[in-house]
Enquirer: 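Please find one structure pasted underneath; my questions will follow.
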Amino acid sequence: MSDHATDAATETFLAHRNLLFTVAYEMLGSAADAEDVLQETWLRWVKADLDQVQDRRAYLIQITTRQSLNRLRSLKLRKEAYVGPWLPEPLITAPDAAEDVVLAESVSMALMLVLETLAPTERAVFVLREVFDVGYDEIAAAVGKSPDAVRQIAHRARRHVEARRPRKAVSARQTRAALESFQRALETGDPQRLLDVLAPEVVLVSDGGGIKQAALRPITTSGKVARFIAGGIGKAQVTLTGEPTMVNGGPALIIRVDGEVDGVMAVRVEDARITGLYYVRNPEKLTRLASETPLSLR
């Protein structure tokens with residue numbers, strides 16, 4: 001490839017890098033694996049004859065999707081051997097990420113967990129069609145299916161997700177108020193304060209990856225969740241603090257125990273109360289807390 005062609009390939013790749021990372025991350029739930037997919041995409045992209053590529057963005061998405069599918073199948077085996085619940089790798093996102101409703105919902109912990117219940121090809125088709133609005137013909141080329149088959153897969157995946165998709169979140173003001181109340185309850189370890197902010201049907205999912213202690217199954221109902229949190233704080237006799245932040249387009253707390261980062265807890269708020277708590281303690285998933293990760297649907 002000539003220097004001019006290499007420069008053109010590099011410029012195009014960099015222009016779409018955030019989009020490609022977002023595609024890979026939404027398919028894999030792992031930033032580390034998404035970065036590996038981008039590297040593999042780049043190696044294939046620089047070998048392409050750009051004069052023969054009509055739509056460079058579509059072609060890059062196609063390469064990224066194929067590499068993500070390959071990795072998704074191997075990830076499935078890793079997740080089957082995972083200790084306890086598996087949560088997506090949390091990404092610190094810009095405050096304005098929440099303003100892009102489609103993006104914020106598509107990378108939310110709640111929806112990412114729903115996507116985990118799809119088969120690899122179903123997940124790829126759903127993400128490309130519903131999140132990135134990719135045409136059926138382009139998706140077909142990416143996943144190696146006919147356009148008619150892709151339409152059927154998209155319909156099946158959409159129905160599956162809609163049956164499990166969390167309800168719409170509340171306003172930013174109510175979300176901030178709930179997060180602040182939850183932060184105070186955590187820092188005091190007061191069970192009643194926790195009960196006041198937790199919805200009766202709240203679910204707590206914690207991910208320690210077998211490295212840090214975590215509940216081996218989701219904990220449900222406000223009473224059990226409040227006792228689990230307050231009991232853990234009291235038993236450990238530690239100073240716990242929460243730093244408000246934005247994770248995956250939604251509200252979260254960086255949890256510190258005696259000043260050291262212990263994990264990231266993303267929250268989902270509905271009707272001014274918390275219905276979902278997603279606590280990532282696995283240190284292997286806490287490597288991207290120092291800076292924001294730019295995400296894009298375009």
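Below, each value reflects all heavy atoms present in this structure, side chains not excepted, and no hydrogens, waters or symmetry copies. The residues of the chain are indexed from 1 along the displayed sequence. Remember, predicted model here, so these are calculated numbers, not experimental data.
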Enquirer: Atom CG of L20 and atom CH2 of W45: how far apart are they, to the nearest 0.5 Å?
Expert: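 Reported to 0.5 Å precision, the distance equals 9.5 Å.
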
Enquirer: Take a 6.0 Å sphere around CD of Q54 and say whether it holds more than 12 heavy atoms from other residues, nucleotides or ligands.
Expert: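 Counting other residues, nucleotides and ligands, CD of Q54 stays at 12 neighbours or fewer.
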
Enquirer: Under the rule for side chain to side chain contact (heavy atoms under 4.5 Å, CB included), what residues qualify as partners of R57, not counting sequence neighbours?
Expert: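 By the side chain to side chain contact (heavy atoms under 4.5 Å, CB included) rule, R57 matches H16, L19, D55, I61.
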
Enquirer: Tell me whether E292 at atom CD has more than 12 heavy atoms from other residues, nucleotides or ligands lying less than 6.0 Å away.
Expert: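 More than 12 heavy atoms, drawn from other residues, nucleotides or ligands, come within 6.0 Å of this atom.
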
Enquirer: Flag the pair R298 / D100 as yes when at least one side-chain heavy-atom distance between them is below 4.5 Å, and no otherwise.
Expert: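 Yes - at least one pair of side-chain heavy atoms lies under 4.5 Å apart.
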
Enquirer: I'd like to know if R44 pairs up with E40 as an ion pair, taking the criterion as any Lys NZ or Arg NE/NH1/NH2 lying under 4.0 Å from an Asp or Glu carboxylate oxygen.
Expert: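 Salt bridge absent between R44 and E40.
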
Enquirer: Return the CD1 to CG distance between I219 and L216, rounded to the nearest 0.5 Å.
Expert: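 Between I219 CD1 and L216 CG, I get 9.5 Å after rounding to 0.5 Å.
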
Enquirer: Within a radius of less than 6.0 Å around CD of E201, do more than 12 heavy atoms belonging to other residues, nucleotides or ligands occur?
Expert: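 Counting neighbours around CD of E201, more than 12 heavy atoms of other residues, nucleotides or ligands fall under 6.0 Å, so yes.
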
Enquirer: Are V102 and L128 connected into the same hydrophobic cluster when the rule is that any two of I, L, V, M, F, W, Y join if their side-chain heavy atoms are below 4.5 Å apart?
Expert: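 Yes; V102 is reachable from L128 via cluster members.
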
Enquirer: Using the rule that two of Ile, Leu, Val, Met, Phe, Trp, Tyr join whenever any of their side-chain heavy atoms come within less than 4.5 Å, decide whether W86 and L75 are in one cluster.
Expert: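 In one cluster: no.
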
Enquirer: Should L295 and M246 be counted in the same cluster of Ile, Leu, Val, Met, Phe, Trp and Tyr side chains packed under 4.5 Å apart?
Expert: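 Hydrophobic grouping puts L295 apart from M246.
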
Enquirer: Any side-chain to backbone donor/acceptor pair from R288 onto T293? Under 3.5 Å, distance only.
Expert: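 Here the side-chain-to-backbone pair does not exist.
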
Enquirer: For residues 135-147, which residue pairs qualify under salt bridge (Lys or Arg N to Asp or Glu O under 4.0 Å), counting only residues two or more places apart or in two chains?
Expert: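 Those involving residues 135-147 do not exist here.
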
Enquirer: How is the hydrophobic cluster of V203 composed, in terms of its other members, when Ile, Leu, Val, Met, Phe, Trp and Tyr link through side-chain heavy atoms under 4.5 Å apart, directly or indirectly?
Expert: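 Noted: V203 shares its cluster with L87, I92, M109, L113, V205, V247, I254, V261, V264, Y278, V280, L286, L289.
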
Enquirer: So do the side chains of V107 and L91 get within less than 4.5 Å of each other, counting heavy atoms only?
Expert: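 No - every pair of side-chain heavy atoms lies 4.5 Å or more apart.
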
Enquirer: With sequence neighbours left out, which residue pairs that include part of residues 97-140 fulfil the ring-ring contact (aromatic ring centres under 6.0 Å, His included) condition?
Expert: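 Pairs touching residues 97-140 that pass the test: none.
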
Enquirer: Are any of the side-chain nitrogens in E162 or R159 under 4.0 Å away from the carboxylate oxygens of its partner?
Expert: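 The answer is no: the pair does not qualify as a salt bridge.
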
Enquirer: Quick one: pull up OG1 in T41 and OH in Y59 and give me the separation to the nearest 0.5 Å.
Expert: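 The OG1 atom of T41 sits 11.0 Å away from the OH atom of Y59.
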
Enquirer: Would you mind listing every salt bridge (Lys or Arg N to Asp or Glu O under 4.0 Å) that reaches into residues 172-200, with sequence neighbours excluded?
Expert: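 Residue pairs with at least one partner in residues 172-200: there are none.
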
Enquirer: Using the salt bridge (Lys or Arg N to Asp or Glu O under 4.0 Å) criterion, which residues pair with E260? Sequence neighbours excluded.
Expert: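 Not a single residue meets the salt bridge (Lys or Arg N to Asp or Glu O under 4.0 Å) criterion with E260.
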
Enquirer: Flag the pair T275 / V269 as yes when at least one side-chain heavy-atom distance between them is below 4.5 Å, and no otherwise.
Expert: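 Answer no - side chains too far apart.
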
Enquirer: Please, which pairs that meet salt bridge (Lys or Arg N to Asp or Glu O under 4.0 Å) have at least one residue in residues 215-232, sequence neighbours excluded?
Expert: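 Qualifying pairs: none.
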
Enquirer: With a 4.5 Å cut-off on side-chain heavy atoms, are I229 and F182 touching?
Expert: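 Heavy-atom side-chain distance check passes, below 4.5 Å.
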
Enquirer: State which residue, out of L179, I274, T245, fulfils the side chain to side chain contact (heavy atoms under 4.5 Å, CB included) condition with P251.
Expert: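 Filter result, single survivor: L179.
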
Enquirer: Is there a side-chain contact between V202 and T221 (heavy atoms, below 4.5 Å)?
Expert: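 A side-chain contact is absent here, since even the closest heavy-atom pair is not under 4.5 Å.
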
Enquirer: Side chains of R66 and Q62: is there a donor and an acceptor less than 3.5 Å apart?
Expert: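 Side-chain D/A pair, R66 to Q62: present.
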
Enquirer: With a 4.5 Å heavy-atom cut-off, do L277 and M265 have their side chains touching?
Expert: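 Side chain of L277 against side chain of M265, heavy atoms only: contact under 4.5 Å found.
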
Enquirer: Using side-chain heavy atoms (C-beta onward) and a distance below 4.5 Å, is P85 in contact with D207?
Expert: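 Of all side-chain heavy-atom pairs linking D207 with P85, none is under 4.5 Å.
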
Enquirer: Would the distance check show the side chain of E89 and the main-chain N or O of A31 forming a donor-acceptor pair, the cut-off being under 3.5 Å?
Expert: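 Yes; judged by distance alone, with no hydrogens or angles, the pair exists.
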
Enquirer: In chain order, what residues pass the salt bridge (Lys or Arg N to Asp or Glu O under 4.0 Å) check against D33, with sequence neighbours excluded?
Expert: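 With neighbours one apart ignored, the set is R71, R78.
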
Enquirer: Which pairs count as salt bridge (Lys or Arg N to Asp or Glu O under 4.0 Å) when at least one residue sits in residues 106-117, sequence neighbours excluded?
Expert: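 Counting only pairs at least two positions apart or across chains, the salt bridge (Lys or Arg N to Asp or Glu O under 4.0 Å) contacts touching residues 106-117 are K79-E116, E116-R123.
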
Enquirer: Report the residues that fulfil salt bridge (Lys or Arg N to Asp or Glu O under 4.0 Å) with R17, sequence neighbours left out, ordered by chain and then residue number.
Expert: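 Scan of R17 (salt bridge (Lys or Arg N to Asp or Glu O under 4.0 Å), adjacent residues dropped) gives E35.
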
Enquirer: Do the ring planes of Y25 and F21 sit parallel (below 30°), tilted (30 to 60°) or perpendicular (above 60°)?
Expert: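 Rings of Y25 and F21: parallel, as their planes differ by under 30°.
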
Enquirer: Is there a donor in the side chain of R164 and an acceptor in the side chain of H160, or the other way round, less than 3.5 Å apart?
Expert: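 There is such a pair between these side chains.
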
Enquirer: In chain order, what residues pass the salt bridge (Lys or Arg N to Asp or Glu O under 4.0 Å) check against R158, with sequence neighbours excluded?
Expert: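 Applying salt bridge (Lys or Arg N to Asp or Glu O under 4.0 Å) to R158 gives E130.
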
Enquirer: Please enumerate all residues that pass side chain to side chain contact (heavy atoms under 4.5 Å, CB included) together with K212, with sequence neighbours excluded.
Expert: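 With sequence neighbours excluded, K212 shows a side chain to side chain contact (heavy atoms under 4.5 Å, CB included) to D262, R281, P283, given in chain and number order.
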
